[in-house]
Amino acid sequence: MSIPTPSHTTPCRICGGAVERFLDLGDQPLSDAFRKPDETDDEFFFRLEVGRCTGCTMTQLLHEVPRERMFHADYPYRSSGSTTMAAHFRAIARRFIAEELTGSDPFIVEIGSNDGVMLRTVAEAGVRHLGVDPSAGVGLTAQEQGVRVRTDFFEERSALEVVADEGRADVIYAANTFCHIPYLDSVLAGARALLGDDGIFVFEDPYIGDILRRRSFDQIYDEHFYFFSATSVGAMAAQHGFELVDVERLDVHGGEVRYTLARPGRRTVTQAVHDLLLEESTSGLDRAEPYESFARAVMAIRDDLRSTLERLRDEGRRVVGYGATAKSATVNNFCGIDRDLVAVVYDTTEEKQGRVTPGQHIPVEDMSGFATDPAPIALLYAWNHAEEIKRKEQAFADRGGRWLTYVPEVRLD
Ligand code: SAH
Ligand code: TYD
Ligand code: ZN
């Protein structure tokens with residue numbers, strides 16, 4: 001079935017250049033819209049196409065979903081669902097406290113503070129902080145842990161309000177959030193106003209180099225609007241009165257980079273920045289070829305995953321899903337995976353349980369079912385947490401259970 005293609009190029013949201021589409025993942029629902037089984041009418045769909053700017057190289061979606069549709073009181077994602085991630089955020093909080101928040105009355109602002117997974121360490125240390133997050137439900141959980149939250153979208157307007165109320169910040173931090181925001185010009189204008197002269201703006205997001213290498217096409221969904229590289233971030237920073245002064249590769253969520261911006265000339269640019277820029281130009285991240293070969297590989301994964309699941313069904317082998325990730329919306333809806341191929345998805349998040357997955361309406365159930373489910377095969381949608389999950393689910397392997405994964409290729413372990 002071929003789907004009509006609405007557009008091939010759009011203007012770059014960062015530099016105005018031409019964004020050339022390299023992959024069309026079809027019509028997709030909101031990745032975090034887990035509805036009640038009897039409330040699946042009038043589901044919202046949008047066209048998920050991704051392209052690369054031939055000017056500044058920024059990889060980005062071609063169509064924007066209105067932010068209020070994604071981030072609201074019932075937004076279900078909870079950052080504390082992974083112990084590995086909780087430890088990761090504790091570590092960066094401690095680093096900020098030790099190295100950056102050392103003045104007489106330091107102040108840190110987090111954009112996208114979610115359930116307070118990072119800021120609770122800051123709060124426990126008695127350091128002045130503020131989380132800005134539009135999703136009221138996650139904010140409530142954060143507040144219960146002693147974290148101060150402002151339920152709002154971060155942009156120039158709200159940043160100016162924060163400066164007026166609380167003064168300038170030593171650190172602005174955003175994990176898995178900056179890449180969610182199409183209007184980065186406004187966010188950077190806000191950061192310019194909010195950040196102290198020697199402050200740093202640190203953000204970490206999935207790295208396009210790792211996505212291409214690991215073929216992790218499921219990182220592409222409504223909330224992930226941009227896919228950063230040192231090259232594209234460096235260009236964007238310069239355009240908005242910042243300098244990219246440090247980068248750090250992170251082994252979480254399938255490969256991320258933590259970028260540090262500062263006002264120009266205030267911090268020394270580390271060797272790591274030069275090294276990553278060089279690596280990116282050597283591997284051709286500024287050319288079309290790696291994106292085109294990624295797209296070809298993704299089509300092959302789709303065909304392989306679908307035929308594998310159909311074969312398993314025809315052999316009468318039950319397959320269940322593990323982890324109702326946002327990423328899985330792309331996989332299920334792009335590959336056409338419904339309840340006929342994956343019977344149920346198990347997930348630890350209370351807010352997703354008793355609901356159905358976006359688009360394909362596979363039931364989501366709590367983990368107690370996984371322990372007793374006789375299914376011999378689990379499709380690991382939360383592959384980015386494979387180590388943590390496989391450690392925890394040793395009993396599944398002990399009874400002969402096998403994990404099915406699809407990046408970088410379809411594998412039954
Ligand atoms: N930092 C956490 C949460 C990531 S989920 C982590 O790394 O696990 C993304 C979060 O960003 C959500 O809680 C969402 O509500 C929030 N968000 C989305 N758009 C935002 C914006 N414009 N300003 C602030 N937060 C935003
Ligand atoms: P994650 O991969 O962090 O993000 P995204 O939704 O952005 O793709 O989501 C992990 C999901 O998997 C989340 O719904 C919680 C669930 N999960 C489990 O059910 N068990 C686990 O052990 C872990 C680590 C996650
Ligand atoms: Zn551009």
Side-chain angles (χ1 to χ4, degrees), residues 11-19 31-32 34 51-60 67-68 70-73 75-86 88-89 109-119 131-139 142 150-155 158-159 173-184 186-187 190 203-206 218-219 221 223-225 232 235-236 239 252-254 256 321-330 345-349 351-353 364 366-367 370 380-393:
C12 173
R13 290 295 297 255
I14 303 298
C15 78
V19 176
S31 62
D32 265 313
F34 292 85
R52 171 191 65 94
C53 175
T54 53
C56 72
T57 80
M58 184 71 85
T59 303
Q60 57 200 275
R67 60 189 190 175
E68 290 81 7
M70 298 184 281
F71 309 114
H72 44 67
Y75 180 69
Y77 183 74
R78 296 292 183 278
S79 303
S80 299
S82 154
T83 51
T84 312
M85 291 313 299
H88 170 84
F89 290 122
V109 173
E110 184 178 16
I111 306 173
S113 44
N114 198 268
D115 61 4
V117 68
M118 194 285 283
L119 281 181
V132 181
D133 196 305
S135 302
V138 297
R150 186 182 187 110
T151 302
D152 203 348
F153 290 95
F154 189 94
E155 57 189 350
S158 50
Y173 176 67
N176 306 297
T177 301
F178 196 52
C179 76
H180 289 48
I181 309 180
Y183 44 95
L184 288 187
S186 174
V187 174
F203 53 94
E204 54 193 68
D205 292 286
D218 54 350
Q219 290 286 10
Y221 54 89
E223 294 171 22
H224 286 176
F225 192 84
S232 61
M236 174 175 67
Q239 199 186 318
V252 296
H253 288 312
E256 301 205 323
Y322 198 107
T325 57
K327 293 184 286 295
S328 70
T330 295
V345 182
Y346 293 109
D347 192 285
T348 51
T349 316
E351 287 75 8
K352 298 179 183 175
Q353 296 159 0
V364 180
D366 70 68
M367 277 299 160
F370 185 66
L380 186 55
Y381 291 118
W383 56 266
N384 47 313
H385 302 300
E387 213 176 291
E388 176 177 342
I389 289 170
K390 287 183 180 172
R391 209 182 314 128
K392 180 160 60 180
E393 301 294 357

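As the structure lists them, so they are numbered: ligands from 1, and atoms in each ligand from 1.
Atom CG of residue N384 and atom CE of residue M85 lie 8.5 Å apart, to the nearest 0.5 angstrom. The line from OG of S158 to CG of D152 is 4.5 Å long, rounded to the nearest 0.5 Å. For the atom pair CE (M367) and CD (E393), the distance works out to 6.0 Å, reported to the nearest 0.5 Å. Rounding to the nearest 0.5 Å places CZ of R52 at 11.5 Å from SG of C12. Between the CD atom in Q353 and the CZ atom in F34 there is a gap of 11.0 Å [rounded to 0.5 Å]. Expressed to the nearest 0.5 Å, how far CD1 of I389 lies from CZ of F370 amounts to 9.0 Å.
Relative orientation of the F71 and H180 rings is tilted, given thresholds of 30° and 60° on the angle between their planes. Classification of the F178-F203 ring pair by plane angle, with boundaries at 30° and 60°, yields tilted.
Listed by chain and residue number, the protein contacts of ligand 1 are F71, Y75, Y77, S79, F89, E110, I111, G112, N114, V132, D133, P134, S135, F153, F154, A175, N176, T177, H180, I181, Y183 (heavy atom within 4.0 angstrom). Listed by chain and residue number, the protein contacts of ligand 2 are Y77, G81, S82, Y221, H253, Y322, G323, A324, T325, A326, K327, D347, T348, T349, K352, M367, A382, N384, H385, E388, I389, K392 (heavy atom within 4.0 angstrom).
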Checklist entry - Yes or no on side chain to side chain contact (heavy atoms under 4.5 Å, CB included) for I181 and R67, after CA distance, side-chain angles and deciding distance? => result CA-CA 8 Å; I181 309 180; R67 60 189 190 175; over 6 Å; no

Next on the checklist: Apply side chain to side chain contact (heavy atoms under 4.5 Å, CB included) to residues E256 and H88 and explain how you reach the verdict.
Outcome noted: CA-CA 12 Å; E256 301 205 323; H88 170 84; 5.6 Å; no

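For the 3.5 Å distance criterion, the side chains of Y75 and E351 fail to qualify, holding no donor opposite an acceptor. With hydrogens and angles left out, the side-chain atoms of E387 and T84 include no donor and acceptor closer than 3.5 Å.
Looking at residues two or more places apart in sequence or on another chain, you find no salt bridge (Lys or Arg N to Asp or Glu O under 4.0 Å) involving E223.
Each protein N, O or S atom less than 2.8 Å from the Zn ion (ligand 3) was counted, giving 4.
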